[in-house]
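Just so we're on the same page: letters track the sequence lines, and every chain starts at 1.
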Number of protein chains: 2
Amino acid sequence: MQTAASVSHKASRPRADALRNRERIVTAAREMFVEFGADVPFDEVARRAGVGNATVYRNFPDREALVREVVCSVMDRTSEAAEQALAETGDAFEALERFAHTAAAERISALCPMLSSAFDRHHPDLEAARVRVDTLVARIMDRARAAGQLRDDVGSGDLLVGIAQLSRPPAGTGCLSADRFVHRHLQLFLDGMRAPAPSSLPGAAVTVEDLRAS
Amino acid sequence: MQTAASVSHKASRPRADALRNRERIVTAAREMFVEFGADVPFDEVARRAGVGNATVYRNFPDREALVREVVCSVMDRTSEAAEQALAETGDAFEALERFAHTAAAERISALCPMLSSAFDRHHPDLEAARVRVDTLVARIMDRARAAGQLRDDVGSGDLLVGIAQLSRPPAGTGCLSADRFVHRHLQLFLDGMRAPAPSSLPGAAVTVEDLRAS
DNA sequence: TCTAAACGGGGAAACCGTCCCCGCTTATTT
DNA sequence: AAATAAGCGGGGACGGTTTCCCCGTTTAGA
């Protein structure tokens, strides 16, 4: 980090405040997608982000672009949480639990729109992020399974969908009060994943790949 | 059932097809509330129900009336499922499981709007239905608990919210394909409720009563 | 200090949900 | 089977909301 000239080419670099604003918009959109669904008015997103509405329209040509950026951002955060969990050297199942609770708090449910029909699930950015998440989560689960702590018949998709569904706010407006319940129910779900399995599950283990099938 | 005059007073009885239509509207609305939330256009509900939009407006003066009827209807169905489960004389936990899977299939998540802020949670009809569900579900759970099969730290609210959240379609349009996953994940959740508890849950057991608190 | 990129608020235009009106259908009665 | 009135359904106007552009002003970067 030099005093100046730390960045090579300045021609294509956007202004610093522009980047900051873009980030604030994505954050606001992520929160609002989770609470109100993927069709919140742009003006509302702008208001929560503390910017003018024009700034939103300037950064994102259409709704899909914003949604995609939000989904990618959430997947990246999830991947980071997964990497952190993998770095933990202690109990394998405990690492899995830590990851799950962190992902729930990170509002992973914002990536539900990914399953929506009116959404290009094959965009390169998404594919890359998806593979990354899937791989990391599968690694965490494999480790717990190898330790004999995780049942055999569950896949990364089962875990991620469970987290997403259980961490969604019920439906009404800003019902964040449920956050107190979320971790209870997620913990129950995780306990159900422990080995030995007391029941057999219908269907086969689900991967993230399976989720994007129609 | 006599040939005629089987009903005492004919003055206030609506026509048979009117009743049938009303029922079809409630059914359609239930499905659509689950899929798209409680603010689907009335015209869409009418279309799915196979009736004209005027019929919807004639039967339900405002949206709240329709929502209330749907919620009550779902709670009644849930109560029926609970009574049926209680009648089963076999394994107590198996009865609990049967109830849960039935409730999920009955689209119990349609009663999410009950938690919405813009909804009169203190309407007499709702109170009655709520108490009935809560009592029956608690009875099922108590029985399983008495048999040493259900952990101590879960309440009827935990079960109902878990079912509701896990059985909700992710978000997109008519994503009923997820139904194949629902019962997997619900089963995992149920397995997590088995005794002995492998973990301790944050917070306290939740009743249905707790849910209507802001 | 200078310049151009970025910002923000206001407002027009398009879209969508609500709800009424009226000619037609059909369940029910005698 | 005919009479009768309750119920039905589609079209369309109204009102509210969202989208998106325009342009005067601000501010980062050199």
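The 12-atom threshold is not exceeded at CZ of R98(B), counting heavy atoms of other residues, nucleotides or ligands nearer than 6.0 Å. Counting heavy atoms of neighbouring residues, nucleotides and ligands inside a 6.0 Å radius, atom CD of Q84(A) does not exceed 12 of them.
Between the axis at the start and the axis at the end of the helix from dT1(C)-dA30(D) to dT30(C)-dA1(D) there is an angle of 40°, using five pairs per end and rounding to 10 degrees.
Between the CG atom of D158(B) and the CG atom of D153(B) there is a distance of 8.0 Å, given to the nearest 0.5 Å. Of the inter-residue distances, the one linking Q187(A) atom CD with L201(B) atom CG reads 6.5 Å to the nearest 0.5 angstrom. Between R132(A) atom CZ and E80(A) atom CD the span is 6.5 Å, to the nearest 0.5 Å.
A heavy-atom distance below 4.5 Å is not found between the side chains of L66(B) and Y57(B). Put simply, the side chain of L86(A) does not reach to within 4.5 Å of the side chain of E83(A), judged on heavy atoms.
Atom CG of D39(A) is separated from atom P of dT17(D) by 15 Å (rounded to the nearest Å). If you measure from atom CG of D62(B) to atom P of dC20(C), you get 12 Å, rounded to the nearest angstrom. dC7(C) atom C1' lies 11 Å from atom CD1 of I25(A), rounded to whole Å. Rounding to whole angstrom units, CG of residue N59(B) and P of dA6(D) are separated by 16 Å. Rounded to an integer number of Å, the gap from CG of L19(B) to C1' of dT26(C) is 15 Å. Remark: P of dT19(D) and CD of E64(A) are 15 Å apart, rounded to the nearest angstrom. With rounding to whole Å, F36(A) atom CZ is found 12 Å from dT18(D) atom P. Taking atom CG of residue N21(B) and atom C1' of nucleotide dT26(C), one finds them 12 Å apart after rounding to whole Å.
At a non-hydrogen distance threshold of 4.0 Å, N53(A), A54(A), Y57(A) from residues 44-58 of chain A come into contact with DNA chain D.
D43(A) comes within contact range of at least one nucleobase, with a heavy-atom separation under 4.0 Å. Residue contacts shown for R63(A) are limited to sugar-phosphate atoms, with no base heavy atom under 4.0 Å away.
Residues meeting the side-chain hydrogen bond (donor to acceptor under 3.5 Å, both in side chains) test with D134(A), sequence neighbours left out: S156(A). With sequence neighbours excluded, no residue forms a salt bridge (Lys or Arg N to Asp or Glu O under 4.0 Å) with R47(A).
Sorted by first then second residue, the salt bridge (Lys or Arg N to Asp or Glu O under 4.0 Å) pairs that include residues 21-31 of chain A, not counting sequence neighbours, are R22(A)-E69(A), E31(A)-R48(A).
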Are there any protein N/O atoms within less than 3.5 Å of an N/O atom in nucleotides 24-29 of chain D, and if so, which ones and at what distance?
| from | atom 1 | to | atom 2 | distance (Å) |
| --- | --- | --- | --- | --- |
| dG29(D) | OP1 | A16(A) | N | 2.9 |

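Taking the six-membered ring where tryptophan is involved, the planes of F189(A) and H185(B) are perpendicular, since the angle between them exceeds 60° and thus also 30°.
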